[in-house]
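Right, one structure below, let's go through it.
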Amino acid sequence: MEKIRTLRGFRDILGEELGKFRDIEEAFRKYSTRLGFRQIELPILEKTELFVRTIGDATDIVEKEMFTFIDAGGDSLSMRPEATAGMVRSYLQEGLYATERLTKVCTIGPMFRHERPQKGRYREFHQIDVEVFGVKEPLIDAELIFMIRMFLDELDISRYHIEVNSVGCKTCRESFRGILLEFFATRKSELCEDCLRRLEKNPLRIFDCKNQQCIRVTADSPLLFNSLCDECRDHFDLFQKYVTGFGIKIEVNKRLVRGLDYYTKTVFEITSDDLGAQKAFMAGGRYDDLVEEMGGPATAGIGFAVGVERLAMLMPQKTEEPVRECFFACIGDRAHDYLILLLKACSSEGIPLKYSYEAKSLKAQMRYADNLKCDLVLILGDDEIEKNIVTLRDMTGKNQEELPLNIDHIISVLKNRLSP
RNA sequence: GCGGCAGUAGCUCAAUGGCGGAGCAUCGGAUUGUGGUUCCGAGGGUUGCGGGUUCAAAUCCCGUCUGUCGCCCCA
């Protein structure tokens, strides 16, 4: 029989990693609540069209990375590859723009992209997603960076870089596109194959290329950052001023671009040198045109996503505080009847129940108790019942004592001994 | 989607063309009721899967799946 295992790039999350996930979620809740964000649960499956229209039909995500299928009704559906699209849909569908001046929302959950798995990249992965609708002032851009900073501090993560840039608005980007194409008209031959493709599809991404030759060419190239319109320039300057005001050090990376079509003005990435090739573990930016493009009122937007798996990889190993527990060892039928009464009473007192389901030898039960790292073993045998006692053994030493066979008394002793 | 490396017991790994093993872990036993250290023993495998070469394949070849690292791209 062939063993069934998870799909490629899909994983079980358990043990220490799951603990980190829980800690990440808890730390995130703390600061998102503090800054007025509320949580939304979004569907994992949406109409394919939603992602095509928001993320952009020329992006890799939409072109080749979505889990897409046709359902029984003939609709094309896709597993969400990111959360912003769903957030925008929800913002419009739920009419939030009409009931509040600004909207701060967040969500956490699995995302799906059909990519080749590698370190820190899976087909099912988890993101925390944060979005703000209705604020165009750069103070909110800075507040998000501030929130990220507090969140990472809470998780004891200190080795990271905050890289920021501005990709401008529609106007400055359009005029820069002309400048860029003009520059590359004479130097196309020096670019790698991938960059020639980028030149057609998304010229800004050329600045992202890791090829040495391309880096040399783009070093001479004009930068979008230097062609920003006055409004975008002012917006970015204020953003930098506010972030500095929050006491946070950022690095302006004029070559930083994003792979999704909807970004405008501020973009940022939080990167770590401890992650291998996939070094960005948080990223986001502003998308001031997206809501209107999706059929809503003109509404500024900004948000970011946290790659939970990547963040978990950066977290220091936690030394788990051991929980003190008692094992109930039992020999004989009469003792077993008493054990059940004792278990019932212990359970309602919040004492964890560890015991053997099989009638094993005391030696085997002791071994099991040791294996479970129990600090105490309560030995309950027919001999004890006969004498109206129970034996309580301290597993850290070798001491044991006899207690009267009285449930209330046993419970009070256990509660006393098990408290840290 | 493309490339490099890898896949043997639950885990870490030996066996390099000639009988598939060890350590750890699990389970049992060592005066019928006392764990950890020690000693003895047991279970556990279609060597990822499929094909090929060979008298003979874990080992060589081809394919495939999965993992891993990188590319593209992204959190």
Side-chain angles (χ1 to χ4, degrees), chain A residues 1-11 24 55 58-66 80-84 108-130 192-195 197-198 201-202 205 208-211 257-260 268-272 275-285 303-314 327 329-332 335 356 358-384 386 391-400:
Chain A
M1 189 72 82
E2 194 186 335
K3 280 185 197 161
I4 296 178
R5 42 163 304 133
T6 52
L7 299 171
R8 172 167 237 192
F10 286 67
R11 308 178 311 133
I24 288 169
I55 298 167
T59 57
D60 278 34
I61 291 182
V62 167
E63 273 184 351
K64 56 182 194 185
E65 291 174 1
M66 288 206 294
R80 60 183 186 189
E82 55 107 57
T84 303
I108 178 165
M111 308 292 157
F112 303 85
R113 291 184 200 171
H114 196 279
E115 299 178 277
R116 186 80 178 262
Q118 78 188 66
K119 189 183 178 76
R121 184 170 72 194
Y122 306 101
R123 289 184 174 183
E124 181 187 36
F125 61 103
H126 295 77
Q127 281 189 345
I128 291 171
D129 188 75
V130 173
C192 72
E193 208 175 298
D194 288 329
C195 279
R197 212 184 59 237
R198 291 184 181 115
K201 219 170 80 173
N202 187 351
R205 291 215 66 87
D208 229 9
C209 189
K210 293 174 189 87
N211 183 304
V257 292
R258 313 273 326 129
L260 281 60
F268 55 88
E269 278 186 7
I270 319 298
T271 59
S272 167
L275 282 176
Q278 313 301 323
K279 67 193 188 106
F281 62 97
M282 302 171 83
F304 68 89
V306 180
V308 178
E309 282 81 355
R310 291 183 189 177
L311 183 55
M313 287 194 290
L314 296 174
F327 186 90
C330 181
I331 314 120
S356 171
E358 301 164 78
K360 292 188 167 198
S361 70
L362 183 60
K363 178 205 274 280
Q365 293 188 61
M366 292 299 286
R367 212 163 13 212
Y368 185 35
D370 187 59
N371 178 279
L372 292 173
K373 300 189 170 36
C374 291
D375 299 278
L376 297 172
V377 175
L378 193 77
I379 300 169
L380 195 60
D382 285 347
D383 292 358
E384 276 86 354
E386 199 69 45
T391 303
L392 183 64
R393 183 176 177 85
D394 181 346
M395 295 293 274
T396 53
K398 263 189 189 286
N399 308 325
Q400 60 187 44

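Just so it is clear: chains get the letters A, B, ... in the order the sequence lines come, proteins before strands, and each one is counted from 1.
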In whole angstroms, the gap separating C1' of B/C72 from CD1 of A/Ile61 amounts to 13 Å

Pairing partner of B/C2, by Watson-Crick or G-U wobble and under 3.5 Å for both distances, is B/G70

Comparing nearest nucleotides in RNA chain B, the 5'-proximal residue of the pair A/Ala364, A/Ala277 is A/Ala364

When rounded to whole Å, the CD to C1' distance for the pair A/Gln365 and B/C27 reads 15 Å

If I pick the P atom on B/G17 and the same atom on B/A58, what distance separates them, to the nearest angstrom?
13 Å

Against the side chain of A/His114, the closest entry in B/G1, B/G70, B/G28 is B/G1

In Watson-Crick or G-U wobble terms, with both distances under 3.5 Å, the base opposite B/U59 is none

One should read off an interatomic distance between A/Ile379 CD1 and A/Arg393 CZ, to the nearest 0.5 angstrom, of 6.5 Å

Describe the nucleic acid contact of A/Glu269 in one word from base, sugar-phosphate, nothing, applying a heavy-atom distance below 4.0 Å.
-> nothing

Minimal heavy-atom distance between A/Glu384 and A/Thr391, with the atoms involved, is OE2-OG1, 2.9 Å

Correct closest heavy-atom pair for A/Phe125 and A/Phe112 would be CE2-N, 4.1 Å

| field | Interatomic distance at P, B/G44 relative to B/G7, whole Å | value | 25 Å

Pairwise C1' distance, B/G52 and B/C39 [rounded to whole Å]: 50 Å

Between CD of A/Glu65 and C1' of B/A75 the distance, given in whole Å, is 12 Å

Separation between CG (A/Asp382) and SG (A/Cys330), nearest 0.5 Å, reads 8.0 Å

Hey, does A/Phe125 reach any base, or is it just sugar-phosphate, or nothing, if we go heavy atoms under 4.0 Å?
-> base

In whole angstroms, the gap separating C1' of B/C27 from CD of A/Glu358 amounts to 10 Å

Checklist entry - Expressed as a whole number of Å, how far does the P atom of B/A9 sit from that of B/A15? => result 15 Å

(Q) Using the P atom as the point on both nucleotides, what is the distance between B/C11 and B/U64, in whole Å? (A) 26 Å

Looking across every strand, which nucleic acid part, if any, lies under 4.0 Å from A/Gly120 by heavy atom: base, sugar-phosphate, or nothing?
base

(message) Is any side-chain heavy atom of A/Lys64 closer than 4.5 Å to one of A/Glu115?
(response) no

Partner of B/A42 under the Watson-Crick or G-U wobble criteria, both distances under 3.5 Å, comes out as B/U26

Say you pick atom C1' in B/G41 and the same atom in B/A6; how far apart are they, in whole Å?
36 Å

Scanning both residues in full, the closest heavy-atom pair of A/Ala329 with A/Gln365 reads CA-OE1, 3.3 Å

Closest heavy-atom pair, A/Ile55 versus A/Glu82, reported as atoms and distance to 0.1 Å, is CD1-CG, 3.6 Å

To the nearest angstrom, the CE-C1' distance between A/Met66 and B/G1 comes to 16 Å

Within a 6.0 Å radius of atom CD on A/Gln400, are there more than 12 heavy atoms belonging to other residues, nucleotides or ligands? yes

Span that lies between the P atom of B/U68 and that of B/A42, in whole angstrom: 37 Å

What nucleic acid atoms does A/Ala280 come within less than 4.0 Å of, heavy atoms only: base, sugar-phosphate, or nothing? sugar-phosphate

Paired to B/G33 by Watson-Crick or G-U wobble criteria (both distances under 3.5 Å) is none

Of A/Phe10 and A/Ala305, the one whose closest nucleotide on RNA chain B sits nearer the 5' end is A/Phe10

So, does A/Gln118 get its side chain near the phosphate of B/U68, meaning an N or O under 4.0 Å from OP1 or OP2?
no

Sorted by chain and residue number, the ring-ring contact (aromatic ring centres under 6.0 Å, His included) partners of A/Phe327 (sequence neighbours excluded) come out as A/Tyr368

Between NZ of A/Lys360 and P of B/C27 the distance, given in whole Å, is 6 Å

Separation of B/C73 atom C1' from A/Arg123 atom CZ, nearest Å, is 14 Å

The side chain to side chain contact (heavy atoms under 4.5 Å, CB included) partner of A/Val306 among A/Ile108, A/Asp129, A/Leu311, A/Val130 is A/Leu311

A/Arg121 CZ to B/G67 P, in whole Å, measures 13 Å

Checklist entry - What does A/Ala329 touch in the nucleic acid at a heavy-atom separation under 4.0 angstrom: a base, only the sugar-phosphate, or nothing? => result nothing

If only side-chain N and O atoms of A/Arg258 are considered, is one of them under 4.0 Å from the OP1 or OP2 phosphate oxygen of B/A75? yes

Between B/U16 and B/G21, how far apart are the two P atoms, rounded to whole Å?
14 Å

Using a heavy-atom cut-off of 4.0 Å across all strands, would you classify A/Tyr122 as base, sugar-phosphate, or nothing? base

Expected string for nucleotides 31-44 of chain B under the B/S/- scheme (protein heavy atoms, under 4.0 Å, primed atoms plus P, OP1, OP2 as sugar-phosphate) is --BBBB--------

